[in-house]
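In what follows, a structure is listed as structure tokens, so that the remarks can point back to it.
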Amino acid sequence: MSEQDDNNAPAPDRDTANAATGSGLAAEKERRLALLDELRAAGTNPYPYRFDRTHTLAEVRDRWGHLEPGVETDDAVAVAGRIMLKRDSGKLVFATIRDRSGEVQLFISKAVVGDDAFDAIKSLDLGDWVGVAGTAMTTRKGELSVKAERIDLLAKAIRPMPDKWHGLHDVDTRFRQRYADLIINDEARHHFEVRHEMTASFRRTLAGHGFIEVETPVLHPEVGGATARPFTTHHNTLDMPLYLRVAVELYLKRLIVGGMERVYEIARTFRNEGVSPRHNPEFTMMELYQAFADWTDMMAITEELITTAARDALGTTVVHVRGEPVDLADPWPRRRLIDLASEGCGVELHPSMPIADVRRVAADHDVHVEERWGAGKIIEELFEATAEASIVRPMFVTGHPVEISPLARVDRDDPFLTERFELFVEARELANGYTELNDPVEQRARFEDEVAAKEAGDDEAGSLDEDYIRALEYGMPPTGGLGIGMDRLAMLLAGVDTIKEVILFPTLRPEVF
RNA sequence: GCCUCUCUAGCUCAAUGGUAGAGCAGUGGACUUUUAAUCCAUUGGUUCAGGGUUCGAGACCCUGGGGAGGCACCA
């Protein structure tokens with residue numbers, strides 16, 4: 001259900017018609033607009049330019065929250081917030097205001113503020129922003145309050161807030177009108193606090209390891225770094241097609257070639273694929289590259305980044321996965337993808353097997369196979385069909401076949417596999433890392449395989465990035481690389497099961513007004 | 001893209017095919033220590049849109065729209 005209030009009143013005569021009947025949203029807005037006129041007529045600006053506060057509400061609570069019941073102090077404070085609740089008992093009004101840090105009650109006495117100001121305060125609406133000068137006190141029941149001496153309207157709300165008790169449940173409205181969601185739903189605010197703490201934690205951890213944060217192009221002339229369908233766009237004056245990035249890998253590794261040694265980017269990334277509880281068309285990936293390191297270093301820093309982020313965001317490394325507590329500080333098992341697939345199928349699988357044998361296993365498990373797929377790709381499909389869903393607790397799935405890992409270095413002990421891993425939690429891929437392929441000749445050959453796959457009809461296959469090859473020809477040191485899906489990690493930490501809960505403005509169809 | 005579910009007042013929700021209701025918000029009134037304040041009174045509806053079936057549709061059918069879950073694709 002989309003918003004109806006405004007399209008209920010497309011014409012001005014409709015507004016006045018509703019206003020005449022005395023209710024409805026249009027009438028409510030009329031009523032509040034009329035209050036604005038009254039305020040202006042009385043010489044009050046309902047939208048003043050600034051307000052100087054002395055304390056946030058959390059600071060008020062920290063400093064005076066311990067007062068015994070019924071204590072009045074002479075400690076002056078100036079606070080600001082949005083009116084969330086109002087309790088009017090005649091010559092005394094209680095209001096609850098909230099700022100970013102918390103909530104505090106206002107104690108407003110007619111005898112203190114005077115008759116005229118009291119009337120003005122009574123006409124304040126839920127949702128209005130106010131600045132309050134007063135003193136700290138507690139009521140007889142012990143509720144910390146600011147005893148108001150003066151209240152200034154800082155911004156008038158013309159539109160009523162959602163239900164003060166039930167909040168805003170309609171998911172469509174919550175995501176479209178995120179402002180309303182954030183005003184009324186504590187959990188919504190909490191999810192984004194967790195996300196912020198997670199990101200800030202990542203930056204601290206990476207700085208501690210000597211990583212440099214960089215920004216690379218969003219507009220790419222070539223698609224590369226991941227197998228995904230891109231968004232396409234066009235630059236007018238250059239008259240050239242451009243792609244929104246599906247990964248930042250190839251640019252960051254150019255920086256490793258350039259000698260930057262340790263770089264990372266927290267990168268908004270775009271993939272022109274389905275929308276689901278786990279997928280948004282634009283999402284955030286943290287990618288890092290570290291010279292002289294390999295995949296084992298990448299697994300170690302993955303564990304450190306994520307457990308530290310949990311501790312920083314939640315105060316604990318214990319998260320809940322499907323209702324079960326999982327301590328991220330416990331070691332994460334490492335299992336080869338081909339072993340998991342073999343167990344899932346009950347048949348020993350390896351990409352060196354004859355393709356016909358692998359296809360037979362796929363047929364036995366009703367796994368669809370494309371003609372152009374090699375054994376490695378089919379084994380990955382078998383892993384996804386038979387094993388992936390059962391990985392609930394954190395696990396590194398390692399050793400992906402070369403065929404599906406065009407940028408990863410071949411395993412030093414097995415020419416059919418790569419030194420690659422993916423972190424899975426709750427059957428979702430959270431991270432992907434490997435020892436980087438730095439041999440320009442081999443990289444060119446791998447790209448040519450990609451191009452062949454694209455020509456064979458795989459529209460997710462990459463193209464040959466000549467400039468990237470040229471960079472490798474200058475020499476890239478041995479390097480480990482890692483990508484972490486920040487939205488999915490935020491989901492894990494916030495304990496939510498849809499990505500829309502951790503993206504402030506998820507992609508939705510345009511609203512019909 | 002396909003399947004299923006869903007859409008009623010600003011918000012949260014009711015209404016065996018038979019007069020569209022409640023709580024909150026709003027309005028008027030009472031109340032100087034409330035806590036979702038309480039009490040009395042009260043305004044407010046193109047039931048997502050458009051067709052159809054029916055004596056009668058918020059409900060049943062069809063088409064369209066939004067959203068949610070699932071499948072597919074992917075992270």
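Any value given below was found using the heavy atoms of this structure, including those in side chains, with hydrogens, waters and symmetry copies removed. Chain naming here is simple, since letters A, B, ... match the order of the sequence lines and numbering starts at 1 in each.
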Scan [X] against the nucleic acid and name what it touches under 4.0 Å (heavy atoms): base, sugar-phosphate only, or nothing.
X	value
A:K86	sugar-phosphate
A:G274	base
A:N280	base
A:G167	sugar-phosphate
A:A180	nothing

inquiry  = Could you check whether A:F94 and A:F107 have their ring centres less than 6.0 Å apart?
reply    = yes
Determine the Euclidean distance between corresponding [atom1] atoms of [M] and [N]; express it in Å to zero decimal places.
N	M	atom1	result
B:U47	B:A41	C1'	27 Å
B:G66	B:C48	C1'	8 Å
B:U27	B:A15	C1'	26 Å
B:G10	B:C5	C1'	26 Å
B:A57	B:G51	P	13 Å
B:U8	B:U42	P	27 Å
B:A22	B:C31	C1'	26 Å
B:U53	B:G44	C1'	33 Å

Provide, to the nearest angstrom, the distance between the [atom1] atom belonging to [X] and the [atom2] atom belonging to [N].
X	N	atom1	atom2	result
A:E384	B:A72	CD	C1'	12 Å
A:E103	B:U35	CD	P	16 Å
A:I184	B:C24	CD1	P	15 Å
A:L126	B:G26	CG	P	5 Å
A:K122	B:G28	NZ	P	11 Å
A:R176	B:G66	CZ	P	9 Å
A:W373	B:C73	CH2	P	7 Å
A:D88	B:U35	CG	P	13 Å

With the side chain of [X] defined as its heavy atoms from C-beta on, choose the nearest nucleotide among [options].
X	options	result
A:L25	B:C31, B:G10, B:U35	B:G10
A:E143	B:A75, B:A72, B:U35	B:U35
A:D172	B:U33, B:G66, B:A75	B:G66
A:E429	B:U32, B:A72, B:A75	B:A75
A:E28	B:G26, B:U35, B:A36	B:G26
A:K91	B:U33, B:U32, B:A68	B:U32
A:P162	B:C11, B:G67, B:G26	B:C11
A:L168	B:U12, B:G70, B:U35	B:U12
A:I499	B:G67, B:A75, B:U33	B:A75

Is there a side-chain polar atom (N or O) of [X] under 4.0 Å from OP1 or OP2 of [N]?
X	N	answer
A:R31	B:U27	yes
A:H169	B:C13	yes
A:K164	B:C24	no
A:K500	B:A68	yes
A:R509	B:G66	yes
A:K110	B:U33	no

query = Do other residues, nucleotides or ligands put more than 12 heavy atoms under 6.0 Å from the CG atom of A:D497?
reply = no
query = Who passes side-chain contact (heavy atoms from CB on, under 4.5 Å) against A:V319, sequence neighbours left out?
reply = A:L314, A:V321, A:V326, A:L328, A:L492, A:L493
ask   = Listed by chain and number, what are the side-chain contact (heavy atoms from CB on, under 4.5 Å) partners of A:D74, not counting sequence neighbours?
value = none
query = Can you name the side-chain hydrogen bond (donor to acceptor under 3.5 Å, both in side chains) partners of A:T96, sequence neighbours left out?
reply = A:R87
remark   = Nearest-nucleotide check on RNA chain B, A:L92 vs A:E282; residue mapping nearer the 5' end is A:L92
inquiry  = Here's a test of your reading of the structure: between A:H166 and A:E388, which maps to the more 5' nucleotide of RNA chain B?
reply    = A:H166
request  = Flag the pair A:E303 and A:R334 as a salt bridge only when some basic side-chain nitrogen lies within less than 4.0 angstrom of an acidic carboxylate oxygen.
outcome  = yes
pi-stack flag for A:F283 and B:A75, centroid dist under 5.5 Å, interplanar under 30° = yes
ask   = Would you say A:L252 and A:V214 make side-chain contact, with heavy atoms under 4.5 Å?
value = yes
note = Under the rule of Watson-Crick or G-U wobble with both distances under 3.5 Å, where | means paired to another strand and [ ] a crossing pair, RNA chain B maps to (((((((..((((....[..)))).(((((.......))))).....(((((..]....))))))))))))....
request  = Scan side-chain atoms only and decide if A:E380 and A:H400 contain a donor-acceptor pair under the 3.5 Å cut-off.
outcome  = no
request  = Kindly assign one of parallel, tilted or perpendicular to the pair A:F231 and A:F270, based on the angle between their ring planes and the thresholds 30° and 60°.
outcome  = perpendicular
note = Across all chains, not counting sequence neighbours, the salt bridge (Lys or Arg N to Asp or Glu O under 4.0 Å) partners of A:K147 are A:E72
Output a table of donor-acceptor pairs, distance under 3.5 Å, between side-chain atoms of residues 424-432 of chain A and any protein atom two or more places apart or on a different chain; print 'none' if there are none.
unit_1: A:E426; atom_1: OE1; unit_2: A:R428; atom_2: NH2; d: 3.3
unit_1: A:N432; atom_1: OD1; unit_2: A:R420; atom_2: NE; d: 3.0

key: Quiz item: A:D163 side-chain donor-acceptor pair to B:G23 base, under 3.5 Å   = yes
